[in-house]
There are 2 protein chains.
Amino acid sequence: MNVIEYINSFMPLSDETVDELSAKARTQDLPKNFLLQKEGEICNRTFYVEKGLVRWYYINRDGKNITDSFGVENSFVTAFDSFFQRRPSRYFIETLEDSTITSITYDDLEETFEKFPEVQKLSRLILIQILEQVLDKNVALQFHNAQERYEFITEKHPDLLQRVSLGHIASFLGITQETLSRIRAKK
Amino acid sequence: MNVIEYINSFMPLSDETVDELSAKARTQDLPKNFLLQKEGEICNRTFYVEKGLVRWYYINRDGKNITDSFGVENSFVTAFDSFFQRRPSRYFIETLEDSTITSITYDDLEETFEKFPEVQKLSRLILIQILEQVLDKNVALQFHNAQERYEFITEKHPDLLQRVSLGHIASFLGITQETLSRIRAKK
DNA sequence: AGTGTTTTTTGATTTAAATCAAATACGATT
DNA sequence: AATCGTATTTGATTTAAATCAAAAAACACT
């Protein structure tokens, strides 16, 4: 599903808006391990994953690589701490598979907001989705042990278990990969 | 600062929009420990904290009371898993101090969205703020030990330490109150 | 197929924080 | 001021998961 089809599936837009967005969007086929965003940079694009998989992560004080979340097909991803506020980001965003990514720049999006207010609504709806995901993960991590965290991902994101390395899953769940491997072995 | 003044401070609205919102908003003085929202109910209002303090929390599998976050003066709070999607919430929201709370219902807000599109933008900006807070907390919790979590709150929300009980702070940070008490004693 | 690289598993040990339990301090109310 | 209830601190013990280390398995490339 391309980005226009996806948007239409939950909030139909006028033809004019679709034309405008289509004209401004850029679609790219990117290889595995391509960096869409680097720490320290102001993120200038919001990405839509048409095909493939991305993850966003940061480097913590100990130099460890912590996966904050994944973006599967039909997800919007950006450096949420940077794109809107125009501040340097703490996040990296990278593809984990060969991916087809559509994106739009901050300026183009802002321009579209002004011209077509319905895009404000669209953006609001997408933000709500993202906020929900993030809160879900919060609940899953806080005061849940390693076993329960693993169950969270098997229930909510079983597809990821097939596609993502153990190390990335572990850091997403806030546990070490050794611990995750042992949990998996028990079943 | 009342809600209109606060909104005006970061996104000035037209007089018509202000009038509409003012007409639809309800302001209440509520005592400490008043429940604004109960688990299992569809949250029908978004709240603005003009004065006082609220927390939102949920009950986990073990029956423990987990503080997800606080809303200080000039914050918007709602059951984010419920208000927008019209689904039963897992959250409770309660006042922790005598508070002045302004709120608007879902239907009134939706109506205002339709009449005055600039409110869509306002809502989007508020959602971005909230998303940032939540992500910040994610980063603070994931792979940080109890000491570091405590530092997060002393740096980002020092005011809360004076106003909120140790137990609530501890559950917000994902640690037990005994552990938090010991950390505090060391300094 | 064979070699090198990365990922995952397994084992032994340590450690931070949870748990359990009790004492102390604090606050509100009469 | 005395009492009751709640919140916080302190202590002893247990435990889950991290760490350290190395082997095994999976994958990628020539």
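The shown structure was predicted, so the numbers you read here are calculated from the model rather than taken from an experiment.
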Inset, instruction - Assign a letter to each nucleotide of nucleotides 23-28 of chain C from its 5' end: B, base within under 4.0 Å of a protein heavy atom; S, sugar-phosphate only; -, no contact. - result: ------
Legend entry - Within 45° cone of A:Phe152 ring axis and under 6.0 Å: A:Arg149 NZ or CZ: no
Inset, instruction - Report the distance from atom CZ of B:Phe143 to atom CG of A:Asn60, rounding to the nearest 0.5 Å. - result: 8.0 Å
Legend entry - Side-chain (A:Ser22) to main-chain (A:Val18) donor-acceptor, under 3.5 angstrom: yes
Legend entry - Geometric cation-pi criterion, B:Arg55 with B:Tyr91: 6.0 Å, 45°: no
Legend entry - nucleotides 8-18 of chain D: protein proximity per nucleotide (B base, S sugar-phosphate only, - neither; heavy atom, under 4.0 Å): BBBBB----SS
Legend entry - End-to-end axis angle, where each axis spans five pairs of the helix from C:dA1-D:dT30 to C:dT30-D:dA1, to 10°: 50°
Inset, instruction - Flag the pair A:Glu111 and A:Lys24 as a salt bridge only when some basic side-chain nitrogen lies within less than 4.0 angstrom of an acidic carboxylate oxygen. - result: yes
Legend entry - Salt-bridge present (B:Lys51, B:Glu73; N to O < 4.0 Å): no
Inset, instruction - Find the distance between CD1 (A:Ile93) and CD (A:Glu39) and round it off to the nearest 0.5 Å. - result: 12.5 Å
Legend entry - Interatomic distance where CG belongs to A:Asn33 and P belongs to C:dT5 [whole Å]: 17 Å
Legend entry - Ring center gap for A:Tyr6 and A:Tyr48 short of 6.0 angstrom: yes
Legend entry - Spacing of A:Ile169 atom CD1 relative to C:dT7 atom P, expressed in whole Å: 14 Å
Legend entry - Ring centroid separation A:Phe172 to A:Phe70 under 6.0 Å: yes
Inset, instruction - Kindly indicate whether a cation-pi arrangement holds for B:Arg86 with B:Phe83, taking the cut-offs as under 6.0 Å to the six-membered ring centre and within 45° of the axis. - result: yes
